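These notes concern the structure reproduced below.
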Amino acid sequence: MCLQNIVCLNLCNSAEDEAGCQIKCGDLYGDKAIDTFNACAVSDQKCVPQRQDEGMYPVPGDCALDEGFDINMFQGRWYITAGQNPLFDIFDCQEHFFAVPEPGRLVAKINWRINKPNGDFIERSTIQTFVQDKDKNSILYNHGNEYLHYQDDWYILASKPDSYVVIYYKGTNDAWDGYGGATIYTRERQLPEELIPELTAAVEKVGFKWSDFTVTDNSCKPHPPAKSLVQEIEDEAGVLEKGLEKEAGVLEKDLEQGLTSFGKGFTVLEQKLEQELTAEEEVVRKEIREEIRAAEKLLAKVEKQVEDEERTLADSFSSALQQLTRIFRQ
C-alpha cells in the first residue's frame with residue numbers, strides 16, 4: 001500500500017490539479033502508516049508549503065444563512081445525496097449518523113465509499129465533532145483536530161425538519177488553506193426531485209448553480225464477486241504499471257540514499273516518522289481518544305435506534321398486510 005501511494009503521488013507532479021490528485025491518492029491508498037507519514041511530512045517537517053487560500057470558497061454573509069436552523073433536528077440518520085466538490089463531497093454510500101450529546105454540540109459518524117479502478121470499493125468511516133457558534137446557530141465549527149490540524153466551518157444555508165439540510169463549508173489544514181464545498185443532506189437515501197427548486201434557491205445564495213452539483217449514489221451495492229489473489233495482483237499491477245515505469249528510477253535512487261519521496265517537494269528522512277511524543281502531546285492525544293470513544297458509543301446508540309425503528313415499522317406493515325389478507329379472504 002505504501003509503494004502504491006508513493007507511485008500515485010509522484011504521478012501527481014504533472015497533474016493539472018496537483019493537490020486534488022494527491023487527495024485522491026490518499027483516498028485510494030490511505031492507511032494508518034500513510035497517515036503517520038503525511039502528518040510527519042506536512043505538519044512536523046513542513047516539507048511542502050501550504051497551498052494558500054485562492055478565494056474559491058469565501059465566507060458567506062449572514063443573509064445567506066438559515067437563521068431558523070435547529071441543531072436538535074439534525075439527529076439520527078441522514079444521507080449526502082448531492083455534492084459540489086468532487087474531492088470531498090461526491091462519493092457513494094454516504095450514510096451519516098448525528099447526535100447532540102449536549103446543547104450546542106454535534107457529533108457525527110461519517111461513512112462513505114471510495115471506488116477502486118478494478119470495480120470494487122473501499123469503505124471509510126470517521127467521527128467528527130462540531131460546536132455551534134454562540135451567536136449564530138447556523139454556523140458549526142469542527143476544530144481542534146490532530147491530523148494535519150484540519151479545521152472545517154459549516155454554514156447552514158437552508159433546512160427543513162426531517163427533509164433536508166444544505167451545508168456550505170470552508171476549511172483549512174497544514175497542506176491547504178481555503179478548501180471548501182457544499183453538500184445536500186436528506187432523510188431519503190436518494191435525492192427527492194421535488195426538493196430541487198428549494199435547494200437551488202439555497203445554493204444560489206453563495207453563488208452556486210444547481211448544475212454545479214452532482215447527485216450521489218446511496219444504493220450501497222454489495223462488493224462484486226470475489227476475485228482470486230492472482231486476479232487481484234494483476235489488477236493492481238495494471239493500475240500501477242504506468243506509474244512504476246515512470247518512477248522506478250527515482251524511487252531506486254531515493255531508497256539507496258535512505259530517503260522516501262512523497263510527491264514534489266516531499267522528501268524526508270524515514271527515521272523522522274518515529275519521533276517521540278512529548279508528555280504534553282500525549283495528554284492531548286489521550287483526551288482526543290476519550291472524546292472519540294464517547295462519541296462512538298453515543299452514535300452506536302443512534303444507529304441501533306434507527307435500526308429498531310425500521311424493524312418496528314416493517315413488523316407493523318407486515319401485521320397490517322396479514323389483517324387485510326384475512327379480511328379479503330372472508
Side-chain angles (χ1 to χ4, degrees), residues 50-76 78-90 94 96-108 110 127-145 148-174 176-188 191-192 194-216 295:
Q50 183 188 52
R51 176 176 174 177
Q52 295 303 298
D53 191 344
E54 299 169 347
M56 293 187 296
Y57 296 94
V59 174
D62 292 348
C63 60
L65 305 181
D66 178 11
E67 295 181 355
F69 173 69
D70 180 5
I71 194 173
N72 294 298
M73 76 89 173
F74 199 25
Q75 298 195 79
W78 292 79
Y79 296 91
I80 289 183
T81 49
Q84 183 271 332
N85 191 332
L87 295 177
F88 307 117
D89 309 335
I90 305 170
Q94 295 191 80
H96 299 180
F97 294 87
F98 294 88
V100 179
E102 59 188 61
R105 186 165 173 265
L106 181 74
V107 293
I110 309 295
I127 302 293
Q128 295 185 345
T129 301
F130 296 85
V131 176
Q132 194 171 33
D133 187 279
K134 295 180 179 180
D135 300 318
K136 301 174 183 177
N137 59 355
S138 52
I139 302 178
L140 304 173
Y141 302 111
N142 176 16
H143 291 188
N145 298 292
L148 300 185
H149 305 116
Y150 81 88
Q151 299 180 8
D152 287 346
D153 297 342
W154 282 15
Y155 301 90
I156 313 302
L157 303 181
S159 63
K160 180 180 288 186
D162 280 326
S163 182
Y164 66 80
V165 179
V166 182
I167 295 174
Y168 171 94
Y169 66 89
K170 181 181 179 70
T172 184
N173 60 40
D174 292 334
W176 187 356
D177 180 33
Y179 63 83
T183 55
I184 309 297
Y185 278 96
T186 62
R187 284 292 194 188
E188 299 295 328
L191 181 70
E194 62 270 17
L195 296 180
I196 293 179
E198 295 177 53
L199 302 176
T200 299
V203 300
E204 285 179 347
K205 292 189 292 184
V206 288
F208 289 139
K209 303 184 297 293
W210 182 248
S211 58
D212 295 327
F213 287 74
T214 299
V215 174
T216 61

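Treat the numbers as computed from the prediction; the structure is a model and nothing was measured.
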Checklist entry - Where do I80 and I184 land on the side chain to side chain contact (heavy atoms under 4.5 Å, CB included) test, with the steps shown first? => result CA-CA 5 Å; I80 289 183; I184 309 297; over 6 Å; no

Item to check | Verdict with supporting geometry, Y169 and D89, side-chain hydrogen bond (donor to acceptor under 3.5 Å, both in side chains) | outcome: CA-CA 11 Å; Y169 66 89; D89 309 335; 2.5 Å; yes

Item to check | Verdict with reasoning, W210 to I196, per side chain to side chain contact (heavy atoms under 4.5 Å, CB included) | outcome: CA-CA 8 Å; W210 182 248; I196 293 179; 3.8 Å; yes

Next on the checklist: Between V166 and V203, does the side chain to side chain contact (heavy atoms under 4.5 Å, CB included) criterion hold? Intermediate values first, please.
Outcome noted: CA-CA 8 Å; V166 182; V203 300; 4.0 Å; yes

Next on the checklist: Run the salt bridge (Lys or Arg N to Asp or Glu O under 4.0 Å) test on R187 and D162 for me, step by step, so that the C-alpha distance in whole Å, both residues' side-chain angles and the decisive distance to 0.1 Å come before the verdict.
Outcome noted: CA-CA 6 Å; R187 284 292 194 188; D162 280 326; 3.0 Å; yes

Item to check | Trace of the side chain to side chain contact (heavy atoms under 4.5 Å, CB included) decision for L140 with I71 | outcome: CA-CA 9 Å; L140 304 173; I71 194 173; 4.1 Å; yes

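The side-chain heavy atoms of I167 and I156, taken from C-beta on, include a pair separated by under 4.5 Å. By the 4.5 Å heavy-atom criterion applied to side chains, N173 and Y179 are counted as neighbours. Between D70 and P161, every side-chain heavy-atom pair lies at or beyond the 4.5 Å cut-off. Side-chain contact between K136 and D62: present, with at least one pair of heavy atoms (C-beta onward) separated by less than 4.5 Å. For the pair T129 and R105, the minimum side-chain heavy-atom distance is below 4.5 Å.
Here the shortest heavy-atom pairing between D135 and D133 reads N-OD1, 2.8 Å. The nearest pair of heavy atoms linking V206 to A64 is CG1-CB, 4.3 Å. Counting all heavy atoms, side chain and backbone alike, T186 lies closest to P192 at CG2-CD, 4.2 Å. Here the closest heavy-atom approach between residue P86 and residue Q84 is recorded as CD-O, 3.4 Å. Counting all heavy atoms, side chain and backbone alike, L65 lies closest to P60 at CD2-CG, 4.2 Å.
A donor-acceptor pair shorter than 3.5 Å cannot be found between the side chains of T81 and T216. Side-chain atoms of D66 and S159 form a donor-acceptor pair, as typed in the model, at a separation below 3.5 Å. In this structure, a donor-acceptor pair under 3.5 Å is present between the side chains of Y185 and H96. Using modelled atom types, one finds no donor on one side chain facing an acceptor on the other under 3.5 Å when comparing Q52 with E54. With 3.5 Å as the limit, one finds a donor-acceptor pair spanning the side chains of Y164 and E198.
Taking the six-membered ring where the residue is Trp, F208 and F213 present perpendicular rings, their angle passing 60° and hence far from 30°. Ring orientation note: the planes of F74 and F98 are close to parallel, at an angle under 30° on the 30°/60° scale.
Note that CG of D177 and CG of D53 are 5.0 Å apart. Values are rounded to the nearest 0.5 Å.
Under the 3.5 Å distance criterion, the side-chain polar atoms of K170 are matched with a main-chain donor or acceptor of Y57. With N137 contributing its side chain and Q132 its backbone, the two residues share no donor-acceptor pair below 3.5 Å. One N or O on the side chain of W78 and one on the backbone of Q75 form a donor-acceptor pair closer than 3.5 Å. Side-chain atoms of K205 come within 3.5 Å of backbone atoms of L157 as a donor-acceptor pair (strictly under, hydrogens ignored). A donor-acceptor pair is defined here as one N or O able to donate and one able to accept, closer than 3.5 Å; such a pair exists between the side chain of N145 and the backbone of Y150. No donor-acceptor distance shorter than 3.5 angstrom exists from the side chain of N142 to the backbone of D152, with no hydrogens or angles considered.
Few gaps surround CD on E102; more than 12 heavy atoms of other groups in view lie less than 6.0 Å from it. Remark: E204 CD is packed, more than 12 non-hydrogen atoms of other residues, nucleotides or ligands lying under 6.0 Å away.
The ring-ring contact (aromatic ring centres under 6.0 Å, His included) check on H143 picks up Y141, with sequence neighbours excluded. With sequence neighbours excluded, no residue forms a ring-ring contact (aromatic ring centres under 6.0 Å, His included) with F69.
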